[in-house]
Amino acid sequence: MGLVRYSRCVLLTDTTTVVSWRARPRSFVALMGLYESNFIRLGWLAGNLRELSGQYVSSVRGDCDLVLTVTERSPYTSTVNLTYLLPETNGPRPYPDMRVRVYHDAHLVEAQQWDSVHTQRTAPPGGAHLRPLPRAQRGSAERELDQRWARNMMLNKWLEYCVERGHRFSSRTEQRAGA
């Protein structure tokens with residue numbers, strides 16, 4: 001029996017893909033399908049993910065700048081940070097500052113984490129300020145699979161939103177000096 005090779009070039013968009021199986025919602029198999037969808041959507045933004053290096057900025061009228069920074073590269077994986085630059089009085093603040101792992105051969109993209117200090121708004125006397133949420137409050141309520149689902153669903157919707165807004169990283173996208 002010979003090896004069967006499947007071509008991913010045929011896959012134009014994940015919404016028209018017909019599958020012969022049904023994955024149980026929020027299962028590991030369905031999570032891998034979400035990772036594949038993330039790969040496709042990040043490809044819409046950045047083109048060939050293997051060729052990325054350095055830092056890229058996408059600016060679109062009426063939206064915050066979107067920044068992609070390659071932080072680690074190996075033959076089979078790359079790690080990138082993806083963030084918006086939110087305008088603030090003291091200068092732009094990166095948020096959600098998400099670390100994303102690209103698995104080139106498997107054609108998967110996994111949202112690994114976002115900024116380690118999530119914040120909540122509180123209203124003490126004298127005005128509102130941000131304070132960190134306790135780590136136990138963020139992590140103990142959900143199992144690991146549920147946390148991966150939440151991160152990767154957020155990434156999936158965010159990537160689609162960015163594409164709809166007109167963001168793109170490509171060879172024509174300005175690469176920052178020194179990156």
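We number each residue from 1, following the sequence as shown.
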How long is the span from the [atom1] atom in [X] to the [atom2] atom in [Y], to the nearest 0.5 Å?
| X | Y | atom1 | atom2 | answer |
| --- | --- | --- | --- | --- |
| H104 | N48 | NE2 | CG | 8.5 Å |
| L34 | M153 | CG | CE | 5.5 Å |
| F28 | L145 | CZ | CG | 8.5 Å |
| M154 | N38 | CE | CG | 11.5 Å |
| R99 | T71 | CZ | OG1 | 8.0 Å |
| E36 | I40 | CD | CD1 | 5.0 Å |

When you group the ILVMFWY residues by side-chain heavy-atom contacts below 4.5 Å and let the links chain together, are [Y] and [X] in the same group?
| X | Y | answer |
| --- | --- | --- |
| L49 | L66 | yes |
| V100 | L31 | no |
| L108 | V70 | no |
| L42 | L52 | yes |

What closest approach, in Å, do [X] and [Y] show between heavy atoms, and which atom pair accounts for it?
| X | Y | answer |
| --- | --- | --- |
| L86 | C64 | CD2-SG, 3.7 Å |
| M98 | R151 | CE-O, 4.1 Å |
| W149 | S27 | NE1-O, 3.5 Å |
| L155 | A111 | CD2-CB, 3.8 Å |
| F169 | V67 | CZ-C, 4.1 Å |
| Y103 | Q112 | OH-NE2, 4.2 Å |

Is it true that a side-chain atom of T77 and a backbone atom of V102 form a donor plus acceptor pair closer than 3.5 Å?
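Not at all, since once roles are kept as given, no pair shorter than 3.5 Å links the two residues.
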
Under the 3.5 angstrom rule, does the side chain of R50 hit a backbone N or O of S78 as a donor-acceptor pair?
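No; judged by distance alone, with no hydrogens or angles, the pair does not exist.
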
Name the orientation class of the two ring planes belonging to Y161 and Y84 (parallel below 30°, tilted from 30 to 60°, perpendicular beyond 60°).
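It falls in the perpendicular class, over 60°.
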
Inspect the contact between E110 and R101 and indicate whether a charged nitrogen and a carboxylate oxygen are less than 4.0 angstrom apart.
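So R101 does not pair with E110 through a salt bridge.
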
Residue pair [X] / [Y], side-chain heavy-atom distance below 4.5 Å:
| X | Y | value |
| --- | --- | --- |
| P92 | D65 | no |
| E72 | V80 | no |
| V163 | R41 | no |

Taking it one step at a time, do L159 and L82 satisfy side-chain contact (heavy atoms from CB on, under 4.5 Å)?
CA-CA 10 Å; L159 291 171; L82 190 64; 3.7 Å; yes

